Amino acid sequence: MPENSIIRKTSLADKVAERLREEIRAGQFEVGEKLPAEPQLMKKYGVGRSTIREAIKALSNLGLLTVQQGLGTFVRALSPSAEPMEQRLKRADVYELDEVRKLLELKIAEKAALMRTAADIALMESFLRERKHAAWNDELEKCIEADVNFHTAIAKASHNEILSDLYKSVSVHLQKWFQQIFTDTSSFVSSQHLHEKLLKHIVAGEPRKAWNTAAKILDH
């Protein structure tokens, strides 16, 4: 029963959000204009307060609206194309994020093998040591953090700022997910040798081998 109620509520909020979105697109509200107060919107659409708030949240996530505490809700843009990437990542499915991360990891491994500096190598080595120590001591949170930092350091070593920024943004959202799906560090222990092999290829300047090893890590 509760599950069905949630489905109906979400569907109703989606309908309200779509109607409001059409009104914004049709020019009934201009950018910067304040929307009517919640009671007026409730009366207009014939729904409850929670439905209105859910609809506004959905449009805020799309970058169309912005809620200013104590002031009200304002039109931010007429099209969702203006949605900031960081905002888009926040509402992305974790499996979509993971897929993007995997695609990025292959390219950053290849680029890092071509572009890494001595400072990049030192940073990667440092995080990989932290990963190993935390994995062997079953310190899950520290291990996940070190793992993410290691791969982020590889992205930095690619010296492609867009790749690096994209990887960093995606990893921030995935780190919490990793903390939920892993119960111990056994997976990190078993993949440590692959990470060490990846770093070896990056240090040696072997882009194709780095790509292939990154692929093995992802398969693992």
Side-chain angles (χ1 to χ4, degrees), residues 1-108 144-145 147-148 151-152 155 160-183 218:
M1 181 67 70
E3 183 177 340
N4 291 334
S5 299
I6 291 174
I7 292 173
R8 286 196 298 270
K9 177 181 176 183
T10 303
S11 177
L12 185 57
D14 288 343
K15 290 178 180 177
V16 172
E18 185 57 33
R19 284 183 60 186
L20 189 51
R21 181 174 174 178
E22 289 176 0
E23 291 172 3
I24 292 173
R25 190 162 45 214
Q28 293 187 31
F29 300 101
E30 296 182 358
V31 174
E33 184 176 350
K34 182 180 178 180
L35 292 186
E38 283 184 355
Q40 293 174 268
L41 293 175
M42 290 162 58
K43 183 177 180 180
K44 178 179 180 179
Y45 298 115
V47 297
R49 188 181 302 274
S50 61
T51 300
I52 292 296
R53 290 183 175 178
E54 192 70 28
I56 288 176
K57 180 181 179 181
L59 294 183
S60 296
N61 287 339
L62 285 174
L64 296 176
L65 300 177
T66 181
V67 179
Q68 298 184 26
Q69 198 67 31
L71 296 176
T73 302
F74 297 82
V75 177
R76 179 176 182 177
L78 302 180
S79 167
S81 61
E83 179 183 14
M85 178 55 69
E86 182 62 26
Q87 191 66 46
R88 178 63 184 88
L89 289 174
K90 285 182 180 179
R91 64 182 180 85
D93 182 277
V94 288
Y95 296 100
E96 291 179 335
L97 285 172
D98 191 44
E99 186 174 30
V100 171
R101 176 186 67 91
K102 288 175 179 178
L103 290 171
L104 289 172
E105 283 194 10
L106 295 172
K107 191 61 181 178
I108 63 175
I144 291 173
E145 183 178 1
D147 179 77
V148 171
H151 289 285
T152 301
N160 182 312
E161 290 189 6
I162 296 177
L163 278 176
S164 181
D165 288 346
L166 278 173
Y167 188 84
K168 188 183 299 182
S169 295
V170 170
S171 294
V172 166
H173 297 285
L174 282 170
Q175 186 166 346
K176 293 181 180 179
W177 183 49
F178 291 160
Q179 291 171 347
Q180 295 174 2
I181 64 174
F182 291 111
T183 56
L218 296 174

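Computed from a prediction, not measured in an experiment: that's the story for all the values here.
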Query - Check: R21 and L59 side chains under 4.5 Å, non-hydrogen atoms - result: yes
Query - Non-hydrogen atoms of I52 and M42 that approach each other most closely - result: CG1-CG, 3.7 Å
Query raised in the report: How about E99: does its CD atom have over 12 heavy atoms from other parts shown lying under 6.0 Å from it?
Result: no
Requested in this report: Look at the aromatic rings of Y167 and H151 and report parallel, tilted or perpendicular, splitting at 30° and 60°.
Outcome: tilted
Query - Pair W177-Y95, ring pair (Phe, Tyr, Trp, His ring centres under 6.0 Å): steps then yes or no - result: CA-CA 10 Å; W177 183 49; Y95 296 100; 5.4 Å; yes
Query raised in the report: Taking side chain as C-beta onward, heavy atoms only, is Y45 less than 4.5 Å from L20?
Result: yes
**Report entry** Pair K43-E38, salt bridge (charged side-chain N to carboxylate O under 4.0 Å, His left out): steps then yes or no
**Finding:** CA-CA 9 Å; K43 183 177 180 180; E38 283 184 355; over 6 Å; no
Query - Note: E18-R25 ion pair, threshold 4.0 Å (strictly below) - result: yes
Query raised in the report: Does E33 CD have over 12 foreign heavy atoms under 6.0 Å away?
Result: yes
**Report entry** Enclosure of E161 CD (heavy-atom neighbours >12, cutoff 6.0 Å)
**Finding:** no
Query raised in the report: CZ of R76 to CD1 of I24: how many Å apart, nearest 0.5 Å?
Result: 12.5 Å
Query raised in the report: If only atom types and distance count, is the side chain of S60 paired as donor or acceptor with the main-chain N or O of I56 below 3.5 Å?
Result: yes
Query - Over 12 non-hydrogen atoms of neighbours within 6.0 angstrom of CD1 in I162 - result: no
Query raised in the report: Hey, are the side chains of F74 and L65 touching, using non-hydrogen atoms and a 4.5 Å cut-off?
Result: no
**Report entry** Min side-chain heavy-atom separation F178-S171 under 4.5 Å
**Finding:** no
Query - Polar side-chain atom of S164 near backbone of N160 as donor-acceptor pair, under 3.5 Å - result: no
